[in-house]
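Below you'll find the structure, written out as structure tokens, and then a few comments.
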Amino acid sequence: MYGTAKYQLPAGGKSRTSESIWLGLARMLSLGMSFVLAAILSRYMTVDGYGTYRQVLYVYTTLLTFFAFGLPQCYSYFLSVRPVNEGRSIIKKLNSLFIFIGALFSLLLFFGSDLIADILKNRQLAESLRWFAPTPMLMMPIIGIEGILVVYKQAHLVFIYVLLSKIFTISCVLAAVYVSGASAVNAIIGLVLAYAMTSFVGFRLMYRPFKDIAVLQSCISIKDIFSYSIPVFNASVYGFIIGSASQFFVSRYFGVAEFAQFANGFMELPFAGVIIAVIASVMLPEFSRMYAAGTAKEEYILLWNRTVFQSASLIYPISIFCFIFAEDIITCLYGPKYGIASDLFRIITIINIARAVQAYHVCTWKGQIVCRYSFVHCGSRCRSRHCLCQFLSVCNRHCIDIDRNNLVMSIPVDDVGV
């Protein structure tokens, strides 16, 4: 039986600062433990084995862009504008979609593994993908857990979730590699076991905000959900094309060993991604609440300008430091055999300086403008990345268009990879 709480909107009492701190700690923890795992695997696995392991993650994150279909952002939007009593109903509708989509994704990875391995010209990849196939069914239904907990001002639970998930990942992967051998397949088996445990914890935490809350059936329909997600998906596809192109060409035409070097070196500044993603995670529900309350356009702009200044003041000094000490950083993390990746790290660090406050577009209803804006931004990135002059790309802009049916926002965020 559920409680009898009053019909109410999501809580907004806790400050954005405290929520940002918890999210920042969670992302820093995730980042740090991911580097620990990558550093250990880089030293104990062969370059080809590690490259295959990273190819599996690349295939998953690449296809996830299409299969997610912009739906993860629906958690933050719909939960922030609907009463908390409807939250459980909204989450169940979204989860039912993700369970179905995750099953299709898993079938594609299992039965399409040989084709994907042929495309990337790595026959060892096929077996690893088949072992990895259960992952979408395990992880996609909990893909929105961070958005759920942030909306209801429980970002401290995000930290707990990340802590447990990373402990599971490191423990299971290293145990599998230690017991069965340092191969890509064994590392993937350990990773899937960790995801199974993470999925269990995620399902427990994502419904925690609704404890002792009376349940109401939401009026949000599947049609409403896709009306929101399709423009977001269209916008994300443009970024996906650019973000995955480099990895695809390196993997297909240069071999798995070079892909391992590329994966370790050509990584956009991790701290920048943490800072920007934290701001985006906190700002999206806040913008949605402001929109629902009819806040004036000037208030959006003031809030946006403050986030731009704060993110840039943190990211620029870190970028300069990483550029100067790139070789030491890469060698310390991954060992001497990956030292050549430091040149790639310097290149991507320059790009990060220019992209520190670039716009990531979040539409909170129809959002057709966001797709056109993102397409222009994507075309600029194509040209700039080609000549290694990313600073010529469209950045440091904001776009706010408010009318009766439409709200388009630009929130600072960057590409997030595994």
Side-chain angles (χ1 to χ4, degrees), residues 5-20 22-23 26 68 70-95 97-98 142-158 161 205-211 213-222 224-229 231-232 235 277-297 299-300 303-304 307 360-367 370 400-402 404-413:
K6 295 181 179 179
Y7 185 80
Q8 54 189 306
L9 287 172
K14 294 184 181 179
S15 69
R16 290 192 297 269
T17 300
S18 64
E19 294 295 285
S20 298
W22 277 115
L23 280 178
L71 291 171
Q73 287 81 359
C74 292
Y75 289 98
S76 294
Y77 173 64
F78 287 110
L79 292 176
S80 62
V81 299
R82 300 302 303 170
V84 67
N85 311 70
E86 298 182 13
R88 184 182 291 267
S89 174
I90 293 172
I91 292 173
K92 285 184 176 180
K93 288 181 181 180
L94 287 167
N95 282 356
L97 288 174
F98 277 121
I142 61 169
I143 198 171
I145 184 171
E146 180 179 304
I148 295 169
L149 296 177
V150 169
V151 166
Y152 295 110
K153 303 297 184 181
Q154 297 189 23
H156 63 285
L157 294 180
V158 177
Y161 169 75
L205 290 178
M206 72 191 311
Y207 289 103
R208 188 176 177 82
F210 311 107
K211 184 179 180 181
I213 297 293
V215 177
L216 294 178
Q217 187 65 28
S218 175
C219 61
I220 301 298
S221 66
I222 299 297
D224 294 329
I225 291 172
F226 280 106
S227 295
Y228 173 83
S229 70
V232 175
V278 166
I279 293 174
S281 297
V282 175
M283 288 298 102
L284 174 54
E286 189 65 29
F287 282 141
S288 298
R289 292 191 187 98
M290 292 168 67
Y291 175 57
T295 305
K297 180 188 293 187
E299 294 297 321
Y300 293 95
L303 183 56
W304 162 257
T307 62
Y360 171 71
H361 314 87
V362 180
C363 71
T364 57
W365 193 241
K366 291 187 177 179
V370 69
I400 298 180
D401 179 24
I402 304 175
R404 184 171 60 87
N405 296 317
N406 190 35
L407 168 63
V408 177
M409 308 300 270
S410 298
I411 297 179
V413 77

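Throughout, residue positions are numbered sequentially from 1 according to the sequence presented.
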For this session: Evaluate side-chain contact (heavy atoms from CB on, under 4.5 Å) for Trp22 paired with Gln154, printing each intermediate quantity in order.
Result: CA-CA 9 Å; Trp22 277 115; Gln154 297 189 23; over 6 Å; no
For this session: Would you name the heavy atoms of Ser218 and Lys93 that are closest together and state the gap between them?
Result: O-NZ, 3.2 Å
For this session: Rounded to the nearest 0.5 Å, what's the gap from CG on Leu205 to CD1 on Ile145? Could you check?
Result: 5.0 Å
Problem set entry | Spatial distance of atom CG (Asn85) from atom CD1 (Ile213) [nearest 0.5 Å] | 6.5 Å
Problem set entry | Nearest-0.5 Å distance, CD1 of residue Ile143 to CE of residue Met206 | 10.0 Å
Exercise. Does the side chain of Leu97 come within less than 4.5 Å of Phe226's, by heavy atoms?
Worked result: yes
Exercise. What's the shortest heavy-atom distance between Arg88 and Tyr207, and which atoms?
Worked result: NH1-CD2, 3.7 Å
Exercise. Do the side chains of Leu23 and Glu146 get nearer than 4.5 Å, heavy atoms only?
Worked result: yes
Seminar exercise, completed: The reported gap from CD1 in Ile148 to CZ in Arg208 (rounded to nearest 0.5 angstrom) is 14.0 Å
Exercise. If you look at every heavy atom in Val158 and Ala26, which pair is closest and at what distance?
Worked result: CG1-CB, 4.0 Å
For this session: Could you tell me how the ring of Tyr75 sits relative to the ring of Phe98: parallel (under 30°), tilted (30 to 60°) or perpendicular (over 60°)?
Result: parallel
Exercise. Are the side chain of Ser80 and the backbone of Tyr77 linked by a donor-acceptor contact shorter than 3.5 Å?
Worked result: yes
For this session: Using only heavy-atom distances, determine whether the side chains of Ser221 and Asp224 contain a donor-acceptor pair under 3.5 Å.
Result: yes
For this session: Could you check whether the rings of Phe210 and Tyr152 sit parallel, tilted or perpendicular, using 30° and 60° as the cut-offs?
Result: perpendicular
For this session: Hey, could you give me the CG/CD1 distance between Asn95 and Ile142, rounded to the nearest 0.5 Å?
Result: 9.5 Å
Exercise. Is there a side-chain contact between Pro209 and Leu149, using heavy atoms and a 4.5 Å cut-off?
Worked result: yes
For this session: Please tell me if the side chains of Val84 and Leu79 come closer than 4.5 Å, counting only heavy atoms from C-beta onward.
Result: no
For this session: Working to the nearest 0.5 Å, report the span between OG of Ser229 and CZ of Phe78.
Result: 8.0 Å
Problem set entry | Heavy-atom pair with the smallest gap, counting every atom of Cys219 and Arg82 | SG-NH2, 3.5 Å
